[in-house]
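Below, each value reflects all heavy atoms present in this structure, side chains not excepted, and no hydrogens, waters or symmetry copies. Order of the sequence lines sets the chain letters (A, B, ...), proteins ahead of strands, with each chain counted from 1.
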Amino acid sequence: MINITFPDGKTEQFESPVDGSAVASSISEGFARNCVAMEVNSALVDMSAQIREDAKIRFITTGDSEGLDVLRHTAAHVMAQAVLRLYPDAQPTIGPVVADGFYYDFDMEPVSEEDFAKIEAEMKKIVKEKLPIVREEVSKERALEFYRDQPYKRELIEELEDGTISFYTQGGFTDLCRGPHLPHTGFVRAFKLLRVSGAYWRGDSNRPQLQRIYGTAFFDKKELKKYLDFLEEARKRDHRKLGAALDLFSFHDEAPGMAFFHPRGMDLWNALLDYWRKEHRAAGYVETKTPIILHRSLWEQSGHWENYRENMYTVLIDETESAIKPMNCPGGMLLFKRRRHSYRDLPIRAAEIGLVHRHELSGVLSGLFRVRAFHQDDAHIFMTPDMIESEILGILQLVRRMYSTFGLGFHLELSTRPEKSIGTDEQWENATGGLTGALEAYGADYLINEGDGAFYGPKIDIHIKDAIGRTWQCGTIQLDMSLPERFDLSYVGKDNEKHRPVMIHRVVYGSIERFLGILVEHFAGRFPLWLAPVQAVILPINDSLVPFAEEINARFFNAGLRTCVDDRTESLNKKVREAQLDKVPLILTVGEKERSAGTLAVRTLDGAVRHGVAIDTFINAVCDNVAARSLGMENLMSL
RNA sequence: GCCAGCGUAGCUCAGUUGGCAGAGCUACUGAUUUGUAAUCAGUUGGCCGGGGGUUCGAGUCCCUCCGCUGGCUCCA
């Protein structure tokens, strides 16, 4: 007899050996049907695994996140089986679970999305067949023999220890796999193939390119639909589509990966930077600006020529080689060095909206998210070592204040010393200690990415979460122990001796282009008033009311607001429709009633109209809303 | 850069087995003077992404270049 302990602490006795299904059935048959795997002494295994001695067991059901991973892994196998039925010459390689689904890589003829219907139909058959999924432990020798004609699988097996190798078989399909898997294929009811792509074997561009087929799966068709709806919502918010529709920016073949900003896009840009400058001045920053073309010698001194050359654009001027800056720091170094500094000057917080160019691979360019030219809201902070903690804390507080203005949540990740790095143990301890000290003082939870820091110092990355739950890394705080050395930076201490300052690079928006794109998607183009390129459009009901509309427009203009009059001789319906499509937050109609009463009819994007709003009161309220950089328009709704 | 898909009017798209380039919106002109999501009529608008080839004939087939889209980190 063996004792099995459940998560609630209860213990049951069973005849040894017993498998998971039998144990689950002893609780209830209904429960057992929802069990997809189990955790035995903290190892995830199949329901069919035999238990031979006392153990702690936790069942994984269709409701657990581990269960979803198991399902998706099995879905990958079902897809592989379907692909092999349809393309007998395809060689399966690997098929892992990823964040929102799964993929499987095959060495096979190219497939396209048009083939999905066929593959999905075959998958449905396999699901309907409810094939039992059977695990088998095999020797390395047998595994290699089984895959004698499949070099990819053989390569994987070669790297495994004998005695730890397992196969999973469902119907006629057997795959090398660690597992665990669902008891049978019938669980894979709600799935969808999403896209195909080329992917290099083991991510190495020198090795063969495989066909990667992505899909996703859920236990429940409703969950699948929810996910597909989310993809659709993201598609609707696509900043490239909205950017064109709202006339914010465009791209042209003559400058791939470099955005052209339109007047409305610049209104948005300037609103973002006005706010940025206000916060940075308040936080004790000074603003600087450095050239974008600098001599090769500077890049050699900074180390970029050696380490970042392939991403840099170069240019020959008067027979001197120069590079267009991919980063602002070397220029910032020159500014720091232009005179001697006392410890009394520190910290120096030198910000720069720096235009940088980076030669990204043509295939990775994507709207404003991945470009070849962009502006960083950079800053270099020079300080004494004992200021690290308070300076980092200051940045974290600045970041929190600024992101919350946009209604963006965020989380922090600390990256520590990588294997290849410069600097002494003591320097790293001091630097990393400063960062963790600041994080503790800041008081929020953070993740640690061990060994993920830059070679020149540890960093904190700030990941924001947008309105539909996607995360983006924007802000970063990087401590740099390399550049102060390379540029021999110093300040004079209390002791009248030269000392090496500590330097950090940091950004809040990151790339202003990219941040703007994220905001377009976050707000779905419906910007809060303070950001909206056109804050209000005034619609005269007929031509005779145009002068009155112009008069009101002038009052908005004098109050510092961005408004315009739609004086075309079009129907009111059409003007309203177009203003709605332009996502202008306030649509103000004026007719005879408004002229005689000195009021406005205020329509908001939800379609609601409030009549008889007094003009002066309204303008004041709009100004208040903009000055407060409110996310909503509550103060206007109560007028 | 590599793989796959795509590129037709300013925008959204149609265009059959290769046989005279189309629609709606936009813009422009005229009429209409409009009370909260498209008033009506007319007129413009095209090197079918660029170049080369096959063919009596190419938007359509082939080659090549450019650009765009999805991927190329997640490890049996």
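Nucleotide B/C2 forms a Watson-Crick or G-U wobble pair with B/G71, both donor-acceptor distances falling under 3.5 Å. B/A23 is paired with B/U12 under the Watson-Crick or G-U wobble criterion, all donor-acceptor distances under 3.5 Å. The base-pairing partner of B/G7, taking Watson-Crick or G-U wobble contacts with both distances under 3.5 Å, is B/C66. A 3.5 Å limit on both hydrogen-bonding distances identifies no Watson-Crick or G-U partner for B/G46. In this structure, B/G30 and B/C40 make a Watson-Crick or G-U wobble pair, each of the two defining distances being under 3.5 angstrom.
Considering only side-chain atoms of A/P96, the nucleotide from B/G67, B/C75, B/C72 that sits closest is B/C75. Side chain of A/I165, nearest nucleotide from B/C72, B/A76, B/G35: B/A76. In this structure, the nucleotide among B/G67, B/G71, B/A4 sitting nearest to the side chain of A/Y214 is B/G71. Here B/A76 is the nucleotide among B/C75, B/U36, B/A76 with the atom lying nearest to any side-chain atom of A/D175. Among the nucleotides B/G1, B/A4, B/A76, the one closest to any side-chain atom of A/L160 is B/A76. The A/P110 side chain lies nearest to B/A4 when the options are B/A76, B/A4, B/C72. Residue A/R212 places its side chain closer to B/C74 than to any other of B/G67, B/C74, B/U33. Checking B/C75, B/G67, B/G35 against the side-chain heavy atoms of A/A601 singles out B/G35 as nearest. Here B/G35 is the nucleotide among B/C74, B/G35, B/G1 with the atom lying nearest to any side-chain atom of A/H611. Considering only side-chain atoms of A/L361, the nucleotide from B/A76, B/G71, B/G1 that sits closest is B/G1.
Checking the phosphate oxygens (OP1, OP2) of B/C72, no side-chain nitrogen or oxygen of A/Y103 falls inside 4.0 Å. A/R603 has no side-chain polar atom (N or O) that falls below the 4.0 Å cut-off from OP1 or OP2 of B/G35. Listed pair A/S362 / B/G1 meets the phosphate criterion, a side-chain N or O lying under 4.0 Å from OP1 or OP2. At least one side-chain nitrogen or oxygen of A/R240 sits closer than 4.0 Å to the OP1 or OP2 atom of B/G70. Contact check, A/S571 against B/U39: a side-chain N or O comes under 4.0 Å of OP1 or OP2. An OP1 or OP2 oxygen of B/A76 is reached within less than 4.0 angstrom by a side-chain nitrogen or oxygen of A/R178. Remark: A/K574 is in phosphate contact with B/U26, judged by side-chain N or O atoms under 4.0 Å from OP1 or OP2.
For B/U36, the base has no donor-acceptor partner in the side chain of A/N573 [N/O atoms by modelled type, under 3.5 angstrom]. Evaluation of atom-type donor-acceptor distances gives a pair under 3.5 Å for the side chain of A/Y200 against the base of B/G1. The base of B/G35 sits within donor-acceptor range of the side chain of A/E594, with an N or O pair under 3.5 Å.
Taking a cutoff of 4.0 Å between a charged side-chain nitrogen and a carboxylate oxygen, A/D452 and A/K459 do not qualify as a salt bridge.
Between the side chain of A/D64 and the main chain of A/E66, no donor-acceptor pair closer than 3.5 Å is present.
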Verdict with reasoning, A/E232 to A/R237, per salt bridge (charged side-chain N to carboxylate O under 4.0 Å, His left out) | CA-CA 9 Å; A/E232 174 64 16; A/R237 288 169 179 247; over 6 Å; no
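Cation-pi geometry between A/R135 and A/Y168 is not met: the NZ or CZ atom fails to fall both under 6.0 Å from the ring centre and inside 45° of the normal. In this structure, A/R195 satisfies the cation-pi test against A/Y214, with its NZ or CZ atom closer than 6.0 Å to the six-membered ring centre and inside 45 degrees of the ring normal. For the pair A/R610 and A/F618, the cation does not sit on the ring face, since its NZ or CZ is not both under 6.0 Å from the ring centre and inside 45° of the axis.
Heavy-atom distances to RNA chain B give each of A/K241 and A/Q580 a nearest nucleotide, and the one nearer the 5′ end belongs to A/K241. Mapping A/V97 and A/T569 onto RNA chain B by nearest heavy atom places A/T569 closer to the 5' end of the strand.
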